[in-house]
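A quick write-up on the structure given underneath.
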There are 2 protein chains.
Amino acid sequence: MVVTKMTIKDIAKKAEVSTASVSRVINNAPNVSEELRKKVMSLIDEVGYKPNSIGKQLRTSKSEKILVVLPTLSNPFYATIIKGIEEECSELNYGVLIAVINLNNELERKYIELLTTKQVDGIISFFSTLAPDEINKMAEAFPYVQCCEPTENTSTSSVSINNKKAAYDAVSYLTSCGHKRIGMISGYYFKTSEREREAGFKEALEKADIAFSEELIVKSDYDYEGGQKACKKLFDLENPPTAIFAVSDTIAIGAMKYLSTINKIVGKDVDIVGFDNATVSKMSSPTVSTVSQPRLELGQTAVSLLMDKIHNSSSINKSVVLPHKLIFRESTGIKFK
Amino acid sequence: MVVTKMTIKDIAKKAEVSTASVSRVINNAPNVSEELRKKVMSLIDEVGYKPNSIGKQLRTSKSEKILVVLPTLSNPFYATIIKGIEEECSELNYGVLIAVINLNNELERKYIELLTTKQVDGIISFFSTLAPDEINKMAEAFPYVQCCEPTENTSTSSVSINNKKAAYDAVSYLTSCGHKRIGMISGYYFKTSEREREAGFKEALEKADIAFSEELIVKSDYDYEGGQKACKKLFDLENPPTAIFAVSDTIAIGAMKYLSTINKIVGKDVDIVGFDNATVSKMSSPTVSTVSQPRLELGQTAVSLLMDKIHNSSSINKSVVLPHKLIFRESTGIKFK
DNA sequence: TTGTAAGCGTTATCAA
DNA sequence: TTGATAACGCTTACAA
């Protein structure tokens, strides 16, 4: 961590060459003599000179950094995806910066300005508060890809699982176990995935010839308390469900907590499936059956989509769908222990 | 989200004024006529001009952004602290960027370059892989503060709780309950806090006239599996403990899991105290008694320390210690349910 | 109050 | 292969 205020000019002066030559050495330009290269490089090493990247950015309009826009930091779900992003970017020598917008539209715009003012070369967004046509317009002019949760009616490159199919699979498993009355705990936050998962839920019921009624879908916050409350609503029904499909593992664990207070045994009296294969889903007791998303690959794919945009501005929009996986644990019957 | 490639020159030309005047308007300089201001502002609004902040940064060496350096994203402990940072920065009109270094020294250096090259005005670091004198040297030249986990033998501004006292309090509570044989599950990751907590642990034993032996401190990864393994080690001892102090709630929950497999009832046969008051500590069953850190205030304080450095380069280094709090839950006896 | 022009640290064009 | 110099977009003395 040598700290110098040296500029390319200082190096040039010391080496008795032009700044242009120093620049060529730094950037591994083809046409520099071995002699010059050695002289300049040894000097650079000696004084610990680091090119000022603001100057470079101003000149080249490239930052070799991308920005990851997150709705919140409190959901550990993102950690692994971002690890995938980091790994991929690290190989490409891109830096990864993260911004948290907390559902704040103004804040989101502020961070997006990092893109429009060329401070980052691209954005991977996990959630946007912008209107669809704003997103479309921006994505036309700048490298912007959506990950996991593309805003409805937008056309940018994106990567996610098939949320409808994932819900369909989870609920179909429940019907195949003989459940005739299944509740769903959904949310009112991530609009797209929730709508799709609700659609998958309904389709699975239909397929199993089970009547659907609105009371079976309860909306919840994405937390432990939310899961408890939502579950109570379901079990305050005249005809309560015998199984629950929840859109997050934390919600599922909250639901399990409520069930324990009314002496229902999860995995026996009531089967539960969560979503995301969060760390906590293996820590609770009983452990939670869940739908797993390929997080590392989600991140890696997002990066390659973004790089495509960065290096080829006319690149066409691609929507990549990655496979999900059902994971069976104790919350859906002891046979899966 | 209007997207223009306009520069200050274009605006100046359109408005038939100098670029200096436009600059003054943008920056709310005192000496501009109302007439000029109106003319320029309306034009700016009309065409949606946004000043290019790279140009501005190059000229002013200020970015109005800070960087938060995190060891990992998978620990939700940071989420609330960062919320405190965001809130504070938002008021000051500073942007907050986050970088994750995953214990990778090279990566950390890369992100620190954002500071040394003036792309961010300061850094709040939650963990560093750098050598103490490197940190000191950097912190002398640039605004850099450490939060929660200052590297030992460094002298930068920092904010944290008193980890030794926190451990002392937690373990003293355990001894006050009558425990004579207490185990500690520590880690080998965050060197500073672990060492301090171990010191607090020993001191509490000493104070209660309980002999200490090395076998009572077991090292663990900061996860569920680590907690299980560490707990097994403790209970494979000839003389196993009747209480455990763990340096994280996740470890504590892992320990509880192991205890359930050997038919020990937590809160009755064995008392357990965790650390951090993580979300999961309220979700497990039994719930986990823990040491709570004032996360929001930790973040806010870090920001004010940093702003002090940013706006007053000769500002003296301050070490702020914030109060911790013991939280009693089911894992230390049902009387605290 | 406004304009002129230098300069922040680079890279890239052109000429040598 | 190397050097001189303009340019990137902005702010800020200094002059008017």
Side-chain angles (χ1 to χ4, degrees), chain A residues 2-41 43-44 47-65 113-121, chain B residues 3-41 43-44 47-65 113-121 142:
Chain A
V2 188
V3 168
T4 333
K5 304 244 168 184
M6 290 256 169
T7 72
I8 201 171
K9 271 187 197 160
D10 301 315
I11 302 296
K13 198 179 291 171
K14 281 210 174 196
E16 297 177 304
V17 298
S18 70
T19 60
S21 290
V22 178
S23 176
R24 287 190 196 100
V25 170
I26 295 169
N27 294 289
N28 293 313
N31 304 324
V32 308
S33 67
E34 197 48 39
E35 188 192 10
L36 179 71
R37 161 162 284 122
K38 267 189 191 153
K39 180 164 65 174
V40 172
M41 278 311 280
L43 197 58
I44 286 180
V47 304
Y49 162 74
K50 294 272 183 193
N52 175 314
S53 64
I54 295 288
K56 179 170 184 161
Q57 281 176 61
L58 181 59
R59 185 61 229 242
T60 62
S61 293
K62 289 240 158 289
S63 69
E64 315 236 293
K65 286 190 290 288
E113 250 177 50
L114 296 184
L115 177 62
T116 58
T117 61
K118 301 285 181 64
Q119 299 184 69
V120 297
D121 293 345
Chain B
V3 168
T4 332
K5 305 242 165 178
M6 291 258 168
T7 74
I8 201 170
K9 269 189 197 159
D10 300 316
I11 302 295
K13 198 178 292 171
K14 280 211 174 196
E16 295 176 305
V17 299
S18 70
T19 60
S21 290
V22 177
S23 175
R24 288 191 193 100
V25 170
I26 294 170
N27 295 289
N28 293 312
N31 303 324
V32 308
S33 67
E34 196 49 39
E35 189 194 10
L36 180 70
R37 162 161 283 122
K38 266 189 192 155
K39 182 164 62 175
V40 173
M41 278 312 279
L43 197 57
I44 286 179
V47 304
Y49 162 73
K50 294 272 181 192
N52 175 316
S53 64
I54 296 286
K56 179 172 185 162
Q57 282 176 59
L58 182 58
R59 182 60 227 248
T60 62
S61 293
K62 289 242 159 290
S63 69
E64 315 236 293
K65 285 189 291 287
E113 248 176 53
L114 297 183
L115 176 63
T116 57
T117 61
K118 301 287 181 60
Q119 299 183 69
V120 299
D121 293 347
F142 297 95

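Everything quoted here is computed from the prediction, not taken from an experiment. Each chain gets a letter, A, B and so on, in the order the sequences are listed, and its residues count up from 1.
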Take atom [atom1] of [X] and atom [atom2] of [N], then tell me their distance rounded to the nearest Å.
X	N	atom1	atom2	value
B:Ile8	D:dT12	CD1	C1'	12 Å
B:Asn27	C:dT2	CG	P	15 Å
A:Asn52	C:dT11	CG	P	10 Å
B:Ile44	D:dC10	CD1	C1'	13 Å
A:Ile54	C:dT10	CD1	P	11 Å
B:Gln119	C:dT10	CD	P	12 Å
A:Ile11	D:dG3	CD1	P	15 Å
B:Arg24	D:dA13	CZ	P	11 Å

Counting only side-chain heavy atoms from C-beta out, which of [options] sits nearest to [X]?
X	options	value
A:Thr19	D:dT11, C:dT2, D:dT5	D:dT5
B:Ala20	C:dT1, C:dC8, C:dG3	C:dG3
A:Lys56	D:dT12, C:dT4, C:dT11	C:dT11
A:Arg59	D:dC10, C:dT11, D:dT1	C:dT11
B:Leu58	C:dG9, D:dT1, D:dG3	C:dG9

If we count only N and O atoms by modelled type, under 3.5 Å, do the side chains of [X] and [Y] hold a donor and an acceptor together?
X	Y	answer
A:Gln119	A:Lys65	no
A:Gln57	A:Glu64	no
A:Asp121	A:Ser63	yes

* **Residue whose closest nucleotide on DNA chain D lies nearer the 5' end, A:Val32 versus B:Pro51** =>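 Looking at the nearest nucleotide for each, A:Val32 comes out on the 5' side.
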For [X] and [N], is the shortest distance between a side-chain N/O and OP1 or OP2 below 4.0 Å?
X	N	result
A:Ser33	D:dT2	yes
B:Tyr49	D:dC10	yes
B:Ser18	C:dT4	no
B:Ser23	D:dC10	no

* **Nearest-0.5 Å distance, CD1 of residue B:Ile26 to CE of residue B:Met41** =>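 It comes to 8.5 Å.
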* Heavy atoms of other groups near A:Glu16 CD, more than 12 under 6.0 Å ->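 No, CD of A:Glu16 has 12 or fewer neighbouring heavy atoms, counting only those of other groups under 6.0 Å.
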* At under 4.0 Å between heavy atoms, what does A:Thr60 touch on the DNA or RNA strands: base, sugar-phosphate, or nothing? -> sugar-phosphate
* Identify whether any heavy atom of B:Ile26 sits under 4.0 Å from a base atom; if not, whether one sits that close to sugar-phosphate; answer base, sugar-phosphate or nothing. => nothing
